[in-house]
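Remember, it's 1-based here, ligands and their atoms both numbered in the order they're listed.
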Amino acid sequence: MMEEKGRENGVAAMKACYRRFDPAAYLQYNYTPPRADFTRKDSIVPWKLACLHRAFTEGDMSGELLVDIGSGPTLYQVMSGCEVFSKVLLTDFLEVNRQELRRWLQDEGQCSLDWTPYLQHVCKLEGRRPSAWTEKAAKLRQVVADILPIDVHCSQPLAPDALPSVGADCLVSCFCLESVSPDLAAFTRALGHIGKLLRPGGHLMLIGALGESYYFAGPGVRIPVVPLNEAQVCTSLKESGYTLIRLEVYTLTQDMRVGVDDVTGVFFVKAKKD
Ligand SMILES: Nc1ncnc2c1ncn2[C@@H]1O[C@H](CN(CCC[C@H]2CNCc3c2ccc(Cl)c3Cl)CC[C@H](N)C(=O)O)[C@@H](O)[C@H]1O
């Protein structure tokens, strides 16, 4: 009984932190140079986009439905996948983030960030001319079917009718689980919860922070993060019924440490659900 109470308190405290999440500031901190500098291979965002491009285009993917878990106000994570899957669902815990995504998808303008350089970069990775970014933008707007509320701490993170009964064919989740979980046990539980949304044999692409204990999601909005190392990520994947296909690690260079968090590294995992 006590343990259960402890768990709920940890998750409730985390949810309280997220009420002050500021999408515009968050995008400014993490998705502009130096962390998003497309002229540098050692910048975090080009590294993430290269991992995702390779993982989505190496020929082992099948199916129609890709679900992004904890999308936040960002779209980079589905810019490769939108060429492979005919239907994409975006999800986030906060309405402010779902609104930010809706603004871009409905092409209403007033977006907090210009995604053009991202679309152009992914076109380049695909061997297309950068000016094809307008086609990629149209493709993305065409395949994103919905933007849903999600809570990875629930054993059923999405509304019951959100997915076909067999589950999604592929999941992608970037920097979500470790930054919403109060401890490693909660991280592993959340990994299990999202695993239930994926069909057996489906793929999971997981990007996350290593060695991070906090990040700022706005001026003075400090959010605690469970610090992870590679071994813990691999153990949690195994415990949650995944087979690891590939793990890649990026170590932040000094100039990528801009004071918005204490991240030391980033992991990229491609795994398959048993
Ligand atoms: N119960 C919950 N259930 C589900 N989802 C929840 C819950 N509670 C909160 N969320 C939602 O998770 C999302 C977490 N989000 C921010 C953390 C990343 C941040 C901090 N760590 C280092 C780092 C960061 C970003 C870039 C880089 Cl390079 C680095 Cl290094 C990821 C957004 C997007 N996917 C991204 O990749 O930027 C957020 O949108 C919440 O609304």
Side-chain angles (χ1 to χ4, degrees), residues 8 10-37 42-49 51-52 67-79 90-101 112-113 115 118 147-158 171-182 186-187 189-191 193-194 197 205-218 221-228 249-253 256-268:
E8 282 158 18
V11 163
M14 184 60 80
K15 289 180 177 173
C17 292
Y18 271 99
R19 267 196 277 282
R20 299 169 61 222
F21 188 98
D22 172 349
Y26 170 76
L27 289 165
Q28 195 55 37
Y29 296 167
N30 292 290
Y31 292 98
T32 58
R35 290 189 166 192
D37 180 343
D42 68 346
S43 175
I44 305 178
V45 165
W47 181 83
K48 293 194 278 186
L49 293 175
C51 289
L52 290 165
V67 180
D68 179 31
I69 307 290
S71 306
T74 63
L75 287 154
Y76 73 91
Q77 56 270 29
V78 291
M79 288 181 180
L90 304 176
T91 69
D92 199 71
F93 180 70
L94 297 174
E95 175 55 23
V96 285
N97 285 332
R98 297 195 297 267
Q99 256 165 6
E100 186 67 33
L101 292 172
S112 303
L113 191 84
W115 294 103
Y118 288 73
I147 305 169
L148 302 174
I150 190 167
D151 180 352
V152 296
H153 297 308
C154 293
S155 56
Q156 188 171 330
L158 291 173
L171 297 183
V172 56
S173 185
C174 299
F175 297 111
C176 178
L177 303 187
E178 74 281 0
S179 54
V180 309
S181 299
F187 171 84
R189 276 197 305 277
L191 196 51
H193 296 159
I194 66 169
L197 304 174
M205 325 284 195
L206 193 64
I207 291 182
L210 293 170
E212 179 181 38
S213 68
Y214 75 89
Y215 78 98
F216 284 102
V221 185
R222 188 180 187 284
I223 296 186
V225 176
V226 54
L228 297 176
V249 174
Y250 166 96
T251 301
L252 269 76
T253 54
M256 292 295 152
R257 299 173 191 225
V258 295
V260 296
D261 53 42
D262 61 350
V263 181
T264 57
V266 178
F267 67 83
F268 171 80

Validation row: C154, H193 side chains within 4.5 angstrom (heavy atoms):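 They are not in side-chain contact.
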Tell me whether the count of non-hydrogen atoms from other residues, nucleotides or ligands lying under 6.0 Å of CD in Q156 goes above 12. yes
Hey, do the aromatic rings of Y29 and Y215 have their centres closer than 6.0 Å?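 Not close enough - the centres of the two rings lie 6.0 Å or further apart.
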Indicate yes or no for a side-chain donor-acceptor contact from D262 to the backbone of Y214 under 3.5 Å, with no hydrogens or angles considered. yes
Between N30 and T74, does a side chain to side chain contact (heavy atoms under 4.5 Å, CB included) hold up when you go through it step by step? CA-CA 10 Å; N30 292 290; T74 63; over 6 Å; no
Pair F93, F21 - check ring-ring contact (aromatic ring centres under 6.0 Å, His included), show working. CA-CA 11 Å; F93 180 70; F21 188 98; over 10 Å; no
For ligand 1, the residues whose heavy atoms come within less than 4.0 Å (ordered by chain, then number): Y18, Y26, N30, Y31, R35, I44, K48, G70, S71, G72, T74, Y76, Q77, D92, F93, L94, N97, I150, D151, V152, H153, C174, F175, C176, S179, V180, E212, Y215, D261, V263
